[in-house]
Amino acid sequence: MEKMGLLKAEEKKEEETGTSLFHQLMAQRKDREEDGKIVLQRLIVIARLPHDAADRTELGAHYENLNFQLNKRYMWDHITGLLLIYPSCLLHIIESSRDILISVLRDLTVMQQQPDCALMEAKIVFMVHNPENRLFQQWSYKVLDAGLIAGDSKGLEEDEGNMETLVCSVLSALQKLSQHLEITKRALPGSALDETPELIVPLKVLDSLLCRDELQSPQEYLQLYDSPLNVNIEFGQVNPRNFLPNV
């Protein structure tokens, strides 16, 4: 009887201290969050597709597999976002940790270097550090048919072609899509874009942004990201010009 009482006491102690694998993992996650290692960041990148692009769903499958691999590697870094595959380019929004964003950019540069290049030139449209909330609940992709963007063939007006206006146009369209999903209680935007194609970021805006030299390419960004800071050892000072901008 006394042994039974001791056994129950030990079980209760284990439950309170959390010695199971689940408790240990949850404790690790709490410690990681308290240490500030998980900070939400958002990346918006665009890339041009080759004219002879075959099955565009292969791109979607590639990124699905990439996300699966990243989820295994960074198990606490939840990935949300949207990949829109147009006939001539793609728009990719990724919301996760810095590690995930950097991994996506590295993968994009590797794809560009392959002989059967699935992606051509690419530009980083926008990066934001610690946004207030996510635009999307999950990650998904959608291949856009020409019919959905048929009304998007008119060129940009002169006052619409400046950099700030173009970037704001992308951000505004994504915000409207996010609000629409919240109002209609939808987790995935696929059917919403079919029913309301005006929520799609205009192709003409993306085409114009791809031609802007002011925007960094993923290679240029990663080169800066991987470069060491220029430290003056004699005085122990850091040249502020060499600090990377926050992602």
Cluster link [X] to [Y], ILVMFWY, side chain under 4.5 Å:
X    : Y    : result
L206 : L199 : yes
L144 : L210 : yes
L49  : V104 : yes
L148 : V201 : yes
F68  : L83  : no

From [X] atom [atom1] to [Y] atom [atom2], the distance as rounded to the nearest 0.5 Å:
X    : Y    : atom1 : atom2 : value
W76  : D99  : CH2   : CG    : 15.5 Å
L66  : S103 : CG    : OG    : 7.5 Å
R98  : I102 : CZ    : CD1   : 6.5 Å
L203 : C89  : CG    : SG    : 5.0 Å
I149 : E198 : CD1   : CD    : 14.5 Å
I44  : L135 : CD1   : CG    : 7.5 Å

Flag side-chain contact, heavy atom, 4.5 Å: [X] against [Y]:
X    : Y    : result
F126 : V170 : no
L105 : I124 : yes
R134 : L40  : yes
Y86  : I200 : yes
Q216 : K123 : no

Work out which heavy atom in [X] is nearest to a heavy atom in [Y]; give both atom names and the distance.
X    : Y    : value
L215 : L209 : CD1-O, 3.6 Å
A122 : P218 : O-CD, 3.5 Å
R48  : S88  : CG-O, 3.5 Å
I85  : R56  : O-NH1, 3.0 Å
S140 : L188 : CB-CD2, 3.7 Å
D77  : S97  : OD2-OG, 2.7 Å

(message) Please enumerate all residues that pass side chain to side chain contact (heavy atoms under 4.5 Å, CB included) together with N71, with sequence neighbours excluded.
(response)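 With sequence neighbours excluded, N71 shows a side chain to side chain contact (heavy atoms under 4.5 Å, CB included) to I79, given in chain and number order.
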(message) Going by ring-ring contact (aromatic ring centres under 6.0 Å, His included), name the residues that satisfy it together with Y63, two or more places apart in sequence or in a different chain.
(response) H92
Is a donor on one side and an acceptor on the other found under 3.5 Å between the side chain of [X] and the backbone of [Y]?
X    : Y    : answer
T80  : Q138 : no
Q113 : V110 : no
T184 : H180 : yes
T109 : R106 : yes
S169 : T165 : no

(message) Is the ring pair Y221/Y225 parallel, tilted or perpendicular, if the boundaries are 30 and 60 degrees?
(response) parallel
Does [X] [atom1] have over 12 foreign heavy atoms under 6.0 Å away?
X    : atom1 : value
Q69  : CD    : yes
R186 : CZ    : yes
Q223 : CD    : no
E214 : CD    : yes

(request) With side-chain contact (heavy atoms from CB on, under 4.5 Å) as the test, would you mind laying out the steps for V45 and L91 before giving the verdict? (result) CA-CA 6 Å; V45 63; L91 168 65; over 6 Å; no
(request) Please determine which of E64, E95, H78 meets the side chain to side chain contact (heavy atoms under 4.5 Å, CB included) test together with W139. (result)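 One option only clears the test, and that one is E64.
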(message) Given L90, which partner from the list L84, I46, L59 fulfils the side chain to side chain contact (heavy atoms under 4.5 Å, CB included) test?
(response) L59
(request) Report the C-alpha separation of L177 and L82 in whole Å, then their side-chain angles, then the decisive distance to 0.1 Å, and conclude whether the side-chain contact (heavy atoms from CB on, under 4.5 Å) test is met. (result) CA-CA 11 Å; L177 174 58; L82 175 64; 3.8 Å; yes
(request) Please lay out, stage by stage, how M127 and R42 fare under the test side-chain contact (heavy atoms from CB on, under 4.5 Å). (result) CA-CA 6 Å; M127 281 186 167; R42 182 180 299 130; over 6 Å; no
(message) Applying side chain to side chain donor-acceptor pair (under 3.5 Å) to Q112 and Q219, what does each step give before you reach the verdict?
(response) CA-CA 10 Å; Q112 289 179 302; Q219 293 91 337; 2.6 Å; yes
(request) Using the side chain to side chain donor-acceptor pair (under 3.5 Å) rule, take D194 and S191 through it: C-alpha gap first, then chi angles, then the decisive distance, then the call. (result) CA-CA 5 Å; D194 289 331; S191 59; over 6 Å; no
(message) Go through it in stages, so that I can follow the logic: the residues are M111 and H62, the test is side-chain contact (heavy atoms from CB on, under 4.5 Å), and I'd like the CA-CA distance, side-chain angles, deciding distance and then a yes or no.
(response) CA-CA 10 Å; M111 291 180 66; H62 170 83; 3.2 Å; yes
